[in-house]
Amino acid sequence: MTTAMTIDQSLLKKIATLLGVIGSRRWEVFEQIALGNERIFHMVSDILTQCNEQFNGMTLLHACCRHHPPVEIIAQMIRLRPELVSAQDCLGRTPLHIAAGCSAHPHVIKILAHADPTTCIVQDDDKRTPLHLACDRHCNLFEDPKAESNNDGRDPCYDAIRALLSESLEPATLEDEEEMNPLEYAILSNADLKVVKLLQKATQKQAETKSRSPSPPQAAAVPAAPSPMLSQPSKRRCGVMMHRRVSLCDSM
């Protein structure tokens, strides 16, 4: 309890000030304060983790990715705390989700995706991957409709989408809660033809890869010895018991 009170009184205001520096994109000041002293950077990162609910699960890396950071800043942060790349906020979003949804520079998206390629296939609470967000010109990650960091109205960026696909093709075929895949979002967003073609090729390659993947081996059924006390189930009954739902993906 004492520790929580100490954090509340002495450091939370300073962290709020630091987040304000990020929000105003004063990157030189942020670099001096947060990255110039590794101990301070680690301390602030630890406090944000401890105060998870107050900051909605956000890390410093999430905060920076929202406001078009220089790639050098992101590279330094990843070097100091590589685990931040895979951290998820209260809505299941990684820093890569934020960068993709806020139209960060393609180099920033590339360095995040390359640092941990598994983040490319992470689906948030709406089952959207970073690729979904990059392809949706109307995506709003934050409640403030006037926030400059929102992606609303910006065309899907070819280089950003290519950076994501270069680390993983799997998101190209994933659907979100609305049963929409990234290609469909790109088409609805009137994306450039080369963006649509890039996504079409990625979708085709991923579908081919999935079709070539061997099915997991099934254990051979061991027939039970007939019992004189029990009647044998009919073949029709066995068929019902063995029936498995076939999804659209299975039939492709």
Side-chain angles (χ1 to χ4, degrees), residues 19 22-27 30 56 58-75 77 85 88-89 91-115 119-169 171-203:
L19 294 176
I22 294 171
S24 59
R25 303 179 186 179
R26 290 181 285 163
W27 298 115
F30 174 77
N56 298 319
M58 179 184 64
T59 67
L60 278 179
L61 192 55
H62 282 89
C64 288
C65 288
R66 178 180 177 180
H67 296 287
H68 301 271
V71 67
E72 296 81 9
I73 294 286
I74 299 302
M77 295 175 77
V85 175
Q88 292 176 257
D89 66 12
L91 296 176
R93 304 178 302 196
T94 66
L96 185 57
H97 281 87
I98 305 301
C102 294
S103 299
H105 194 282
H107 290 171
V108 169
I109 291 174
K110 177 64 178 179
I111 196 172
L112 287 166
H114 186 70
T119 57
C120 294
I121 60 174
V122 171
Q123 292 177 282
D124 64 15
D125 286 2
D126 295 321
K127 296 187 177 180
R128 303 181 97 188
T129 67
L131 186 61
H132 284 84
L133 301 178
C135 292
D136 183 9
R137 71 179 299 176
H138 300 298
C139 112
N140 287 313
L141 297 184
F142 302 97
E143 292 181 358
D144 182 2
K146 297 181 180 179
E148 291 183 12
S149 55
N150 281 326
N151 195 28
D152 193 22
R154 297 189 179 113
D155 292 333
C157 174
Y158 176 85
D159 289 333
I161 292 169
R162 185 176 62 176
L164 290 167
L165 291 171
S166 68
E167 298 298 332
S168 177
L169 295 178
T173 58
L174 295 178
E175 293 185 343
D176 64 7
E177 269 195 346
E178 302 295 326
E179 298 184 350
M180 295 273 288
N181 63 37
L183 174 58
E184 290 168 328
Y185 276 113
I187 293 171
L188 287 177
S189 298
N190 295 317
D192 191 276
L193 181 59
K194 67 178 183 178
V195 170
V196 173
K197 286 185 175 180
L198 176 65
L199 288 163
Q200 285 175 329
K201 288 180 180 178
T203 302

Point to revise | Atom pair CZ/NE2 of R26 and H67 - distance to nearest 0.5 Å | key: 12.0 Å

Study note, to complete from the structure: Here the pair of heavy atoms bringing C135 nearest to I161 is SG-CD1, 3.7 Å

Check your understanding: So how far is it from E178 CD to H132 NE2, rounded to the nearest 0.5 Å?
Key -> 10.5 Å

Check your understanding: Could E167 and K110 be called an ion pair, given the rule that one side-chain N must be under 4.0 Å from one carboxylate O?
Key -> yes

Exercise for review: Could you tell me which residues satisfy side chain to side chain contact (heavy atoms under 4.5 Å, CB included) with D125, sequence neighbours excluded, listed by chain and number?
Suggested key: L91

Check your understanding: Do the side chain of N56 and the main chain of M58 share a donor and acceptor less than 3.5 angstrom apart?
Key -> no

Point to revise | Side-chain touch L165/L131, heavy atoms, less than 4.5 angstrom | key: yes

Point to revise | Electrostatic pair D124-R93, nearest N-O below 4.0 angstrom | key: no

Practice item. Would you indicate whether the side-chain heavy atoms of H68 and W27 approach each other to under 4.5 Å? Key: no

Review point. Between L19 and L60, which heavy-atom pair has the shortest distance, and what is it?
Key: CD2-CD2, 4.2 Å

Check your understanding: Pick from L141, L133, L174: which one makes a side-chain contact (heavy atoms from CB on, under 4.5 Å) with R128?
Key -> L133

Review point. Can any side-chain N or O of Q123 pair as donor or acceptor with the backbone N or O of E175 at less than 3.5 Å?
Key: yes

Study note, to complete from the structure: Value for CZ (R66) from CZ (F142), rounded to nearest 0.5 Å, stands at 4.0 Å

Check your understanding: Is there a donor-acceptor pair under 3.5 Å between the side chain of T94 and the backbone N or O of L96?
Key -> yes

Review point. Would you say N181 and T203 make side-chain contact, with heavy atoms under 4.5 Å?
Key: no

Point to revise | Pairing residues for H107 by the ring-ring contact (aromatic ring centres under 6.0 Å, His included) criterion, not counting sequence neighbours | key: H105

Exercise for review: Spell out, as yes or no, whether a donor-acceptor pair under 3.5 Å connects the side chain of H62 to the backbone of H97.
Suggested key: no

